[in-house]
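Down below is the structure, laid out as structure tokens.
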Amino acid sequence: MAKAVLGIIGGSGVYDLPGLENVREERIASPWGEPSGALRIGEMSGLPVVFLPRHDKGHRLSPSDINYRANIDILKRAGVTSLVSLSACGSFREELPPGSFLLVDQFVDRTHKRESSFFGRGLVAHVSMAHPVSPRLRIHLANAALAAGIEVKRDGTYVCMEGPQFSSYAESITYKQLGYSVIGMTNMPEAKLAREAEICYATVAMVTDFDCWHPDHDAVTVQDIIKGSHQQCRKGQGAGRGPCQGFPARARAVPDWFGSCARQRADHGAGRTRPGIAEKARRCRGAGAECLTLHFQAGNI
């Protein structure tokens with residue numbers, strides 16, 4: 001069985017991981033380009049943890065400028081088997097006010113400027129996204145939150161917009177009427193790429209605002225989002241109960257079979273592609289379609 005390694009991607013305002021011990025920084029090269037930054041590799045309660053700030057320190061990368069393929073690739077190369085995304089989001093529901101946490105189970109992709117797959121010319125793969133979030137990872141996150149005394153809402157749809165502009169009022173009202181739960185700018189194509197890389201994926205949406213649909217809520221600003229997510233990630237931290245510390249620290253209960261690609265495929269009802277397909281795609285990056293074609297004809301993919 002593969003050893004479980006927990007990966008955590010920090011969103012706006014989350015540039016470090018409280019409680020990470022024996023930390024070392026490591027820069028891993030990717031054939032897909034430049035990732036957001038160096039990985040911070042350490043452990044929490046004996047569980048190997050790899051942390052990556054999505055926007056890099058200082059929030060230097062906008063959502064459209066993030067190299068999602070390189071980020072997922074280096075996390076995979078670092079041995080990550082389960083990946084938790086911490087993401088600041090706007091809410092479309094009264095019952096999800098600022099300060100709430102939501103465990104997302106579905107996504108709607110409204111982005112249009114991003115590379116969203118490791119596959120392409122020379123190697124075609126169709127990967128199921130019917131259930132984009134690992135149900136077992138969500139259960140572990142919910143249990144970790146409960147143990148930490150943190151209330152989380154379960155089940156909700158995250159609509160990912162391109163950005164970097166926020167929604168117009170008409171867009172905000174439309175998404176609300178469609179029944180979506182939260183809106184953000186970064187979890188797509190991140191979730192799609194994690195699926196292709198055979199990494200279990202889940203999102204903890206940290207609600208910082210009501211987007212712009214709410215009549216009693218001011219228009220959201222970047223400063224509000226960063227301040228809100230920074231405060232949420234450290235909520236109760238003095239008692240060792242901050243979510244950015246509490247979730248991973250209690251996730252040591254994740255058993256080694258969580259890192260199994262075979263179990264992940266059964267988890268999601270996916271697995272329509274042969275084992276190792278993402279790895280072969282990475283190895284052939286830059287070698288041209290001939291490399292991929294030879295692997296496919298030889299039955300290696």
Evaluate side-chain contact (heavy atoms from CB on, under 4.5 Å) for C160 paired with V108, printing each intermediate quantity in order.
CA-CA 6 Å; C160 190; V108 173; over 6 Å; no
Might you point out which heavy atoms bring [X] and [Y] nearest each other, and give the distance in Å?
X    : Y    : result
A205 : V182 : CB-CG2, 4.3 Å
A70  : S30  : CA-OG, 3.7 Å
P35  : G33  : CD-O, 3.5 Å
P31  : D73  : CD-OD2, 3.4 Å
S64  : G163 : OG-O, 3.8 Å
A38  : P53  : O-CD, 4.2 Å

Under the side chain to side chain donor-acceptor pair (under 3.5 Å) test, which residues partner [X], sequence neighbours left out?
X    : value
S116 : none
S85  : R54, S87, N187, E190
R60  : D56

Keeping T81 on the side-chain end and V5 on the backbone end, is there a donor-acceptor pair under 3.5 Å?
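Yes; at least one donor-acceptor contact below 3.5 Å.
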Between E162 and K113, is there a donor-acceptor pair closer than 3.5 Å when you use the side chain of the first and the backbone of the second?
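Yes, because the side chain of E162 sits within donor-acceptor range (under 3.5 Å) of the backbone of K113.
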Any side-chain heavy-atom pair from [X] and [Y] closer than 4.5 angstrom?
X    : Y    : answer
V152 : L141 : no
P132 : Y201 : no
M161 : H112 : no
T186 : P63  : yes
I66  : N71  : yes
R69  : F118 : yes
Q106 : V133 : no
H214 : E94  : yes

Partners of [X] by side-chain contact (heavy atoms from CB on, under 4.5 Å), sequence neighbours excluded?
X    : value
S172 : F92, S167, D211, C212, W213
A78  : I28, L39, V50
S117 : F119, E196

Gap between atom [atom2] of [Y] and atom [atom1] of [X] - 0.5 Å precision:
X    : Y    : atom1 : atom2 : value
L137 : T203 : CG    : OG1   : 9.5 Å
H131 : R195 : NE2   : CZ    : 9.0 Å
L103 : S181 : CG    : OG    : 11.5 Å
F101 : L96  : CZ    : CG    : 12.0 Å
Y175 : E171 : OH    : CD    : 5.0 Å
L61  : E34  : CG    : CD    : 9.5 Å

Not counting sequence neighbours, which residues clear salt bridge (charged side-chain N to carboxylate O under 4.0 Å, His left out) with [X]? List them please.
X    : answer
K192 : D109
D155 : R138
E95  : none

When you check the side-chain N and O atoms of Y15 and H59, is any donor under 3.5 Å from an acceptor?
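A donor-acceptor contact under 3.5 Å links the two side chains.
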Out of the candidates V14, L6, L75, I41, only one should pair with F51 under the side chain to side chain contact (heavy atoms under 4.5 Å, CB included) rule; please name it.
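In the set V14, L6, L75, I41, the residue that makes a side chain to side chain contact (heavy atoms under 4.5 Å, CB included) with F51 is V14.
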In this structure, would L146 and I139 fall into the same cluster of hydrophobic residues linked by side-chain contacts under 4.5 Å?
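No: no chain of side-chain contacts under 4.5 Å links L146 to I139.
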Audit row: L86, I8, side-chain contact (heavy atoms from CB on, under 4.5 Å) steps and yes/no
CA-CA 7 Å; L86 301 174; I8 300 175; 3.9 Å; yes
Result block: side-chain N/O donor-acceptor pairs under 3.5 angstrom for residues 17-25, not counting sequence neighbours:
residue	atom	partner	partner atom	Å
N22	ND2	E43	OE2	3.3
R24	NH2	E26	OE1	3.4
E25	OE2	R40	NH1	3.4

Under the ring-ring contact (aromatic ring centres under 6.0 Å, His included) test, residues paired with Y68 that sit two or more places apart:
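Y68 satisfies ring-ring contact (aromatic ring centres under 6.0 Å, His included) with no residue once adjacent residues are dropped.
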Test side-chain contact (heavy atoms from CB on, under 4.5 Å) on K76 and E198; report intermediate values, then the result.
CA-CA 9 Å; K76 180 73 172 183; E198 297 176 323; 4.2 Å; yes
Please list all pairs passing the salt bridge (Lys or Arg N to Asp or Glu O under 4.0 Å) test where one or both residues lie in residues 140-150, with sequence neighbours left out.
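Listed once each, the pairs would be none.
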CZ/R93: more than 12 non-hydrogen atoms of other groups inside 6.0 Å:
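Yes, CZ of R93 has more than 12 neighbouring heavy atoms, counting only those of other groups under 6.0 Å.
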Derivation of the side-chain contact (heavy atoms from CB on, under 4.5 Å) call for L83 and I72:
CA-CA 9 Å; L83 181 59; I72 295 299; 3.7 Å; yes
